[in-house]
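So the structure is just underneath, and the comments pick up after that.
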Amino acid sequence: MKRILIFLVCLSLLVLPCFAADDTLLITEAVEITTTATTENTVPATTESSTEPTTQKTEPTLKTEPTTKKAASEVEKEEVEEVTEDNSQPRLMVVSYEIEDGFISPEETKILTITLKNMHSKKRVSNIKLSVSDDTDEIRPTGMGTKYVDSIGANKYYTWSVELKAVHTATIGEHKLSFSCEYEDQNGSGYNADDTLRIEVRQPALLDFDGAKLPVKVVQEDTVTLNINLMNTGKAPLYNCKVDFKIDGLDSGGSSFVGEIAPQESATASANLRVDSELIGKTTGTIIITYEDSFGEKFELKKEVETKIEKKVIKAEKQEEKEKKNPLWWLFLSGGLLLGGGLGFGIPFFINSNKQRKKDEERL
């Protein structure tokens with residue numbers, strides 16, 4: 001009997017929740033039916049035309065909420081992006097440099113110009129220190145060799161001009177100058193940048209000359225000889241020394257090549273200039289002297305010259321000219337002929353007369 005009661009109790013505990021769930025479903029369906037019935041009762045009271053605008057009003061209301069949420073998320077994302085910090089490093093770099101005349105000579109002072117650029121497109125750099133030095137100490141800044149710059153804006157340039165002097169014992173050739181700069185970004189973070197500047201030390205190529213001069217007058221078809229003395233007055237050798245002539249009416253036949261001239265020595269460039277057979281009168285031209293230094297750089301010296309070309313006179317013309325200078329030549333010629341003829345006749349006659357006179361005296 002007890003077992004039966006216990007079985008019934010357990011069965012009831014299992015069955016009751018099912019009925020409760022069924023009752024809940026029934027109640028939910030009843031509510032939906034009631035709502036539907038209410039709606040159906042309301043709709044007939046309105047016309048079809050009024051129903052459409054009601055539906056149109058409810059649809060935008062339902063779609064507005066996700067649009068608003070999307071806009072809010074985009075605004076939040078933009079705010080997050082604006083708050084994000086730019087931790088990129090601004091770079092200060094040497095974009096160009098040059099020394100006056102392209103080189104420096106021992107005991108010479110020249111200006112070195114260095115151009116810097118802030119490569120960052122947004123960040124300014126500030127508290128900048130610039131410095132330049134030669135490891136060999138043969139090229140020295142005339143001052144401290146340093147420069148302070150307050151700031152350089154984003155994507156901006158700055159030019160530093162520093163005066164350098166080469167000592168009298170400076171080695172001829174290429175020198176490597178060390179350039180460095182220290183700077184900070186807008187957050188106070190410090191950076192360093194180093195570059196190498198290549199500067200050439202050269203002895204100046206110096207040449208002097210004499211003898212580059214034409215005679216005052218020349219004659220057609222004659223040959224004029226020039227000996228031009230070239231003197232190396234510098235401390236470095238000179239190479240490929242030669243002399244060219246560009247003179248109207250005088251032909252050199254080409255360049256007069258000398259070649260290398262050692263320091264403090266001289267060499268002679270000889271040339272034979274053939275005078276033209278047709279040109280007459282004053283003529284001008286240029287004597288051009290070219291040479292190179294140890295680095296292959298070419299130099300040029302020019303000398304303007306002039307002369308007068310005279311017409312060539314042949315022998316017949318000379319004789320005619322003499323005759324023109326002595327217009328009474330025929331009188332002298334006639335007198336000479338008469339005198340010669342008289343002497344030729346008189347002397348034999350005088351001799352014969354003497355012989356005849358002696359014969360006559362002997363007979364007597």
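Atoms considered below: every heavy atom in the structure, side chains included; atoms not considered: hydrogens, waters and symmetry mates.
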Main-chain N/O of Phe103 paired with Lys110 side-chain donor or acceptor, under 3.5 Å
yes
Test side chain to side chain contact (heavy atoms under 4.5 Å, CB included) applied to Ile228 and Phe245, step by step:
CA-CA 12 Å; Ile228 303 175; Phe245 303 88; 4.0 Å; yes
Gap between atom CD of Glu107 and atom OG1 of Thr169 - 0.5 Å precision:
9.0 Å
Between Thr307 and Val275, is a side chain to side chain contact (heavy atoms under 4.5 Å, CB included) present by the stated rule, with each step listed?
CA-CA 11 Å; Thr307 188; Val275 183; over 6 Å; no
Side-chain (Ser277) to main-chain (Glu221) donor-acceptor, under 3.5 angstrom
no
When you measure from the side chain of Asn187 to the backbone N and O of Ser189, does any donor-acceptor pair fall under 3.5 Å?
no
Spacing of Ile261 atom CD1 and Tyr239 atom OH [to the nearest 0.5 Å]
11.5 Å
If you count the non-hydrogen atoms of other residues, nucleotides and ligands that lie under 6.0 Å from NZ in Lys117, is the total more than 12?
yes
Between Glu300 and Lys298, is a salt bridge (Lys or Arg N to Asp or Glu O under 4.0 Å) present by the stated rule, with each step listed?
CA-CA 7 Å; Glu300 186 177 272; Lys298 294 184 178 181; over 6 Å; no
Supply the atom-to-atom distance Ile309 CD1 to Thr283 OG1, rounded to the nearest 0.5 angstrom.
5.0 Å
Measuring from atom OG1 of Thr286 to atom CG of Asp244, what distance do you get when rounded to the nearest 0.5 angstrom?
11.0 Å
Please check if any side-chain donor atom of Asn227 sits under 3.5 Å from a side-chain acceptor atom of Ser270, or the reverse.
yes
Using only atom types and a distance under 3.5 Å, with no angle test, would you say the side chain of Tyr183 pairs donor to acceptor with the backbone of Pro90?
yes
Asn118 side chain to Lys156 main-chain N or O, any donor-acceptor pair under 3.5 Å?
no
With a 3.5 Å cut-off and no angle check, do the side chains of Ser180 and Ser131 form a donor-acceptor pair?
yes
Tell me if the OH atom of Tyr157 is crowded by more than 12 foreign heavy atoms within 6.0 Å.
no
When the ring planes of Phe179 and Trp160 are compared, do they come out parallel, tilted or perpendicular, using 30° and 60° as the limits?
tilted
Using a 3.5 Å distance criterion without hydrogens, assess whether the side chain of Ser105 forms a donor-acceptor pair with backbone atoms of Arg202.
yes
Could you walk me through whether Leu164 and Leu177 pass side chain to side chain contact (heavy atoms under 4.5 Å, CB included), step by step?
CA-CA 11 Å; Leu164 301 177; Leu177 273 63; 3.7 Å; yes
Using the rule side chain to side chain contact (heavy atoms under 4.5 Å, CB included), only one of Ile128, Leu130, Asn127 pairs with Tyr148; which is it?
Asn127
Keeping Gln203 on the side-chain end and Ile172 on the backbone end, is there a donor-acceptor pair under 3.5 Å?
no
Can you tell me how far apart CG (Asp185) and OH (Tyr191) are? Round to the nearest 0.5 Å.
4.0 Å
Using the side chain to side chain contact (heavy atoms under 4.5 Å, CB included) rule, take Glu163 and Thr109 through it: C-alpha gap first, then chi angles, then the decisive distance, then the call.
CA-CA 7 Å; Glu163 189 176 62; Thr109 300; 3.3 Å; yes
Enter the distance from Leu226:CG to Asn272:CG here, rounded to the nearest 0.5 Å.
8.5 Å
